[in-house]
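Below is one structure, written out as structure tokens; the observations come after it.
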Protein chains: 2
Amino acid sequence: MPGAPKPASSAQDQLRIGDLAKLAGTTPRTIRYYEEVGLLPETVERVSGAHRTYSHAELERLQEVMRLKELLGLTLEELKALIAVEEARAEVRAQLRQEDVAPARRRELLVEARGHLDRQLELVRHRAAELSRLQDELSETRKRVRRKIRELDAQSEGSFPPQPPLPAAVEGSS
Amino acid sequence: MPGAPKPASSAQDQLRIGDLAKLAGTTPRTIRYYEEVGLLPETVERVSGAHRTYSHAELERLQEVMRLKELLGLTLEELKALIAVEEARAEVRAQLRQEDVAPARRRELLVEARGHLDRQLELVRHRAAELSRLQDELSETRKRVRRKIRELDAQSEGSFPPQPPLPAAVEGSS
DNA sequence: ATTGATCCTTACGTTCACGTAAGCTTCAGA
DNA sequence: TCTGAAGCTTACGTGAACGTAAGGATCAAT
């Protein structure tokens with residue numbers, strides 16, 4: 001209504017906890033809980049009682065956390081250790097805006113982040129490898145089962161009921 | 001009681017719950033609990049109070065269950081639905097020993113098992129794909145971080161401390 | 001200034017997946 | 001036959017990860 005153009009400041013991006021929850025596919029309670037246990041940083045400069053506000057960056061972080069939890073099945077405690085990366089990277093990004101940060105300090109942060117990334121990668125690779133093996137074994141088993149079915153069908157050739165028309169259609173995904 | 005030599009029956013393979021637990025890397029309590037919720041079949045013909053006994057086949061089944069739980073992070077309830085395969089396959093194996101089973105029935109069981117296997121495979125493939133994407137993203141991020149470190153090192157060329165000798169050595173465990 | 005929707009804190013409740021303890025029974029080996 | 005280790009049932013306890021409810025505060029829009 002007011003002719004005043006919205007201050008083109010970097011605000012705008014402010015989400016409330018309910019919005020964040022909806023966007024991330026979770027609940028406000030969960031977000032507060034994650035903050036409580038230290039998985040998410042306490043929203044900046046908040047007087048007790050005031051509403052929490054989140055930026056798009058925080059949404060991404062939350063989604064990343066949820067993804068790691070989902071995919072790796074870790075406890076929140078384990079996750080906390082793992083996602084220290086985000087912490088470091090966030091700090092680096094924040095400091096990149098100030099030019100007066102000692103390169104030495106910046107390097108430290110980056111090296112730290114690299115270390116965390118290496119740990120994450122190792123964990124993920126391991127998981128992926130195990131899953132891959134499981135997949136192979138399942139495929140192998142399925143092959144055997146299908147072969148046995150075919151054998152049965154061949155034996156009862158004509159002599160038996162008109163061969164159940166194989167529901168077949170196994171969706172050849174991937 | 002009689003000095004009768006141990007009946008050379010097919011026994012021998014009989015494990016007690018403690019052995020089974022140790023072999024599978026879990027506890028008796030967990031095994032009983034799995035049985036309670038229907039994840040493991042109640043050991044055959046057991047009068048209440050008598051010890052449970054397990055065969056090698058049951059060990060394998062338990063290990064399979066634990067592996068699926070670990071890798072996919074499913075609840076026991078979800079697992080129950082998923083591992084109906086084992087049920088069907090066990091039945092097939094049992095029936096394979098009797099030749100008098102109608103081929104039609106045998107076929108039914110096999111088809112059922114195939115269906116369950118398809119579901120498992122789809123789930124595992126999906127998981128594997130997601131993990132793979134995560135892995136790629138992590139690799140990408142790591143590359144960027146490493147590049148930034150190199151850039152920093154290049155900038156401070158000679159002008160700065162003798163370039164921290166890169167702790168490198170990412171402990172190549174496993 | 002006044003809402004009504006959303007949020008805040010505090011705190012107790014709940015489900016899952018077992019752990020632990022007690023009292024008794026079974027079983028394998030001497 | 002006896003015994004002690006391991007098992008059985010029953011039941012209460014526990015930590016993680018939230019759900020839910022109560023009573024009041026905040027905030028955006030009117």
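Just so you know, these numbers come straight off a predicted model, no measurement behind them.
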Does one side chain, of A:Q135 or A:S132, offer a donor that lies under 3.5 Å from an acceptor on the other?
-> no
Short question: side chain of A:R127, backbone of A:L72 - any donor-acceptor pair under 3.5 Å?
-> yes
What is the distance from CG of B:L74 to C1' of C:dA17, rounded to the nearest Å?
-> 14 Å
Whole-Å distance separating the NZ atom of B:K80 from the C1' atom of C:dC16 | 13 Å
Looking only at side-chain N and O atoms, does A:K69 come under 4.0 Å of OP1 or OP2 in D:dA16?
-> no
B:Y34 vs C:dA17: side-chain N/O to OP1/OP2 distance below 4.0 Å | no
Looking at C:dT9, D:dA17, D:dT9, which one has an atom nearest to any side-chain atom of A:S48?
-> C:dT9
Sugar-phosphate, base or nothing in reach of A:R32, heavy atoms under 4.0 Å | base
Selection from D:dT26, D:dA6, D:dA16 that lies nearest to any side-chain heavy atom of B:H51 | D:dA6
Which nucleotide in C:dC7, D:dC18, C:dA17 has an atom nearest any side-chain atom of A:I17 = C:dC7
Would you mind reading off the distance between B:E35 atom CD and C:dA17 atom P, rounded to a whole angstrom?
-> 17 Å
Closest of D:dA17, D:dT9, D:dG19 to the B:R46 side chain is D:dT9
Worked check of salt bridge (Lys or Arg N to Asp or Glu O under 4.0 Å) between B:R105 and B:E108 | CA-CA 5 Å; B:R105 173 66 185 140; B:E108 265 179 53; 3.2 Å; yes
DNA chain D: A:R29 or B:A50, which has the more 5' nearest nucleotide?
-> B:A50
Keeping the roles fixed (side chain from B:Q120, backbone from B:L82), state whether a donor-acceptor pair exists under 3.5 Å.
-> yes
5' precedence on DNA chain C between B:T27 and A:P28 (nearest-nucleotide basis) | A:P28
B:R16 CZ - C:dT25 P separation (whole Å) = 18 Å
Under 4.0 angstrom between A:T30 side-chain N/O and D:dA17 OP1 or OP2 | no
